[in-house]
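To find a chain, count down the sequence lines: A is the first, B the second, and so on, and within it residues start at 1.
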Amino acid sequence: MATVTATPAAATADRGAHHASRSAAAGFLLALPPVVVIALFVGVPVVLALAFSVGFTGGLNSVVAAVGQNVHHADGAVPTFAAYGDVFTDPAFWQDLALTLGVTLASTAIVVVLAGGIGLYLRLHGGWFARLLSGVAIVPLFIPVVIASWAILTFYSADGFLRSLFAQVGLEAPVWSYTAIAIVIGSAWTSLPFAVLMIASGLQSVPDALIEAARDAGAGTARIVRTILLPMSTVPIVIAVTFTAIGVIGSYTVPYFTGPNAPTMLGVSLARYFTAYNQPQQSLVLAFVVFLAAAGIGALYVWANFRSARREGRV
Amino acid sequence: MPAPVAAALRTVGAAAFAIVLLVFVLGPLVWLGAHAFADRWTYPNLLPDSWTLRWWQTVFSDQVLGSSIQNSLLITPVVVLVSAVVCLPAAYAFARFEFPGRRLFLIGLFATNAFPRMGLFATLASLYYALGLMNTIAGIVVVQLLGTIVFMTWIPAAAFSAVPRSLEEAARDAGASRARVFFTVTLRLALPGILVGAVMAFLAAFDEAQGTYLVGAPDILTMPTEMYSLVLNFPKQVAAVFSILLAIPSVVLLLAVRKHVMGGQLAEGFQLK
């Protein structure tokens, strides 16, 4: 983004160096406000939460420690992992974790297949129909998540569209609401627009000349997709995958509305621990488990960007 | 495989894919929309038995629902304004300046989204009690602000960096002052991207339910938090009406900037550069 313009004369080069250091300071100061907001209202609470989860219940953690139940206190300066023990020895946690990972994998796969299909159709065929499909795929962006969850719940419920449609011809369709399948559908639904935008724009940036040259050489569509289109849009695809996965893994609203009571996603579970069971320490342990998983996925995103930047010679 | 058979299979495949996509995406919305006007609806009919507008009357004449609509429409613009003041200078800095920690800041702003929101709000509660922000509008503004920061830094930053420096330099050479160059060249050209960021920020703030609920309930309720209780306490049709109302600002705003969102401002904004 910030390129240094070449200056021929030595005097202007000198001025340029001084200017660069002053502008670095200016840039740093201008960039501070959102960083400070995040540091204060996200960074500090996260650090406090980490401390609280290992038993440091003094200072700003004292209120929540006094109000909560089953709070384990640290022995002086030695942290205690009793809260972590509470969570990891609960079989419900492992079921919830398995469900969360399964749902994340399934919905990400569905999103990539749908978005990839739309993107490829748009790139290789174009035309009004492809544009219509991509427009439809963007619609979920317009709809708040609360409404989307509720709409999907009623659509796949016992008296919903799916069951009604099959009942018209005398068949019994399954009830998907309040099961993990509804969570997968809901998560895929809400994540679709962003993935379509990323993957479609990634595929569009592949030059026509490459595709035409391959066709002239006799390559079929499948081969073009496999050897040209997909490798050249790896970065947008990775971005779509990581954003979707991170969004789904810690989600609350979709599983809360559409999913079963147990096992449920970790986002719902940690909210339940905090509000219903009044066990804030254990709730935070769950939050960190989710954060670790999401951070791992996020590292993939950073690596992908770094790789593309290096390849383009920007690093 | 002979060419006509392959072509026919391709068309059938594409048609099937299209139908699945249309039902998958639009089905739930149409189904919910029908509920908002339904009087009696017997299973397994695909359409209501009779239609009515009385659920709309129910929603509009309810005091609590009305005040939640008011709260949403008052608080959200404030959040977007605060977000713009805090984030736009930073977006400009990310685009135009090289400084130590630039990439770290960019990633850090995005990485905070990786921490599950519910977990964050649980610990934010302690800080809020200490700062006296619990159950206040300021507290709600901060909570909603957190969700808008990524949109108001990344997307405008990409828009600013897309403005060609050569244009700015040409204007400087012609004698324009820095301020004039900024307002007439840079800002003008980056405005579509900034608007997309602002719209995404508006929607993120407007739809924010979890943190707003933890901070504001039961005194200050917004439309999304009201939705949670509506779904549990009122008939399906009332929730359907409220859903349509809640979706209207999103639809209107996104239609207005649809050209820029589809044109790549959103996708461009999330590439780390």
Side-chain angles (χ1 to χ4, degrees), chain A residues 1-2 23-24 26-28 30-31 33-35 37-38 41-42 44-46 48-49 60-61 63-64 117 133 136-137 139-147 150-152 154-155 159 161 164 167-168 197-198 201 239 246 250 252 267 270-271 274 280 283-284 287 290-291 294-295 298 302 305, chain B residues 17-18 21-22 25-29 31-32 43-44 46 86-87 89-90 92-99 105 107 109 111-112 114-120 122-124 126-127 129-130 142 146 149 153 161 207 209-210 224 227 231 236 239 243 246-247 250-251 254 264 266-267 270 272-273:
Chain A
M1 278 194 212
S23 72
F28 186 79
L30 280 178
V35 177
V37 169
I38 294 279
F41 291 103
V42 177
V44 168
V46 168
L48 282 179
L60 282 170
N61 283 330
V63 174
V64 71
L133 283 187
V136 164
V139 166
L141 201 60
F142 295 52
I143 312 291
V145 181
V146 179
I147 294 173
W150 183 240
I152 286 171
T154 54
F155 195 67
D159 60 351
F161 175 79
S164 299
Q168 296 284 329
L197 285 172
M198 289 305 305
S201 80
I239 292 176
I246 290 179
Y252 171 77
L270 76 89
F274 192 78
S283 156
L284 289 173
V290 174
F291 183 48
V302 172
N305 262 283
Chain B
F17 183 79
L21 185 73
L22 285 172
V25 173
L26 297 179
L29 298 175
W31 191 252
L32 188 70
Y43 174 82
L46 286 175
V86 166
C87 298
Y92 187 70
F94 284 126
R96 282 283 182 256
F97 296 95
E98 274 297 333
F99 51 89
F105 279 1
I107 296 182
L109 289 179
T112 53
F115 198 80
R117 311 236 98 207
M118 279 316 268
L120 179 66
T123 53
L124 202 57
S126 311
L127 195 65
Y129 278 118
V142 170
L146 293 178
I149 288 188
T153 45
S161 68
D207 300 338
Q210 300 146 223
M227 188 75 189
V231 155
K236 222 183 264 183
S243 301
L246 194 57
S250 311
V251 173
L254 273 172
L266 190 65
F270 281 94
L272 240 196
K273 286 193 182 132

Taking all atoms of both residues into account, what is the closest heavy-atom pair of [X] and [Y], and its distance?
X       : Y       : result
V251(B) : F142(A) : CA-CD2, 3.6 Å
A239(B) : W150(A) : CB-NE1, 3.4 Å
C87(B)  : P34(A)  : SG-CB, 4.1 Å
P144(A) : L246(B) : CG-O, 3.9 Å
L46(B)  : Q168(A) : N-NE2, 3.9 Å
A31(A)  : F105(B) : CB-CD2, 4.2 Å

Leading residue by heavy atom contact count with chain B [cutoff under 4.5 Å; candidates [options]]:
options                            : answer
L48(A), V44(A), V136(A), V139(A)   : V136(A)
S283(A), G298(A), S164(A), A295(A) : S164(A)
V64(A), V35(A), L284(A)            : V35(A)
V145(A), I246(A), L133(A)          : L133(A)

Is [X] in contact with chain A via its backbone, its side chain, both, or neither, using a 4.5 Å heavy-atom distance?
X      : result
V86(B) : both
Y43(B) : side chain
A18(B) : both

For this session: Let me see the working for D159(A) and K236(B) under side-chain contact (heavy atoms from CB on, under 4.5 Å), right down to the final yes or no.
Result: CA-CA 12 Å; D159(A) 60 351; K236(B) 222 183 264 183; 3.4 Å; yes
Exercise. So L127(B) and L60(A), side-chain contact (heavy atoms from CB on, under 4.5 Å) or not? Walk me through it.
Worked result: CA-CA 7 Å; L127(B) 195 65; L60(A) 282 170; 3.9 Å; yes
Between [atom1] on residue [X] and [atom2] on residue [Y], distance to nearest 0.5 Å:
X       : Y       : atom1 : atom2 : value
L26(B)  : F155(A) : CG    : CZ    : 9.5 Å
L30(A)  : F97(B)  : CG    : CZ    : 6.0 Å
I149(B) : I38(A)  : CD1   : CD1   : 4.0 Å

For this session: State whether the number of non-hydrogen atoms from other residues, nucleotides or ligands found under 6.0 Å of F28(A) atom CZ is greater than 12.
Result: no
Problem set entry | Sole residue of I143(A), T154(A), I152(A) in side chain to side chain contact (heavy atoms under 4.5 Å, CB included) with P28(B) | I152(A)
Exercise. With a 4.5 angstrom heavy-atom cut-off, which part of F274(A) approaches chain B: side chain, backbone, both or neither?
Worked result: side chain
Exercise. Should D207(B) and V146(A) count as side-chain neighbours, where that means a heavy-atom distance under 4.5 Å?
Worked result: no
Exercise. So which of L22(B), T153(B), L124(B) has the largest heavy-atom pair count under 4.5 angstrom toward chain A?
Worked result: L124(B)
Seminar exercise, completed: From the list G27(B), A209(B), P224(B), the residue making the most non-hydrogen contacts under 4.5 Å with chain A is G27(B)
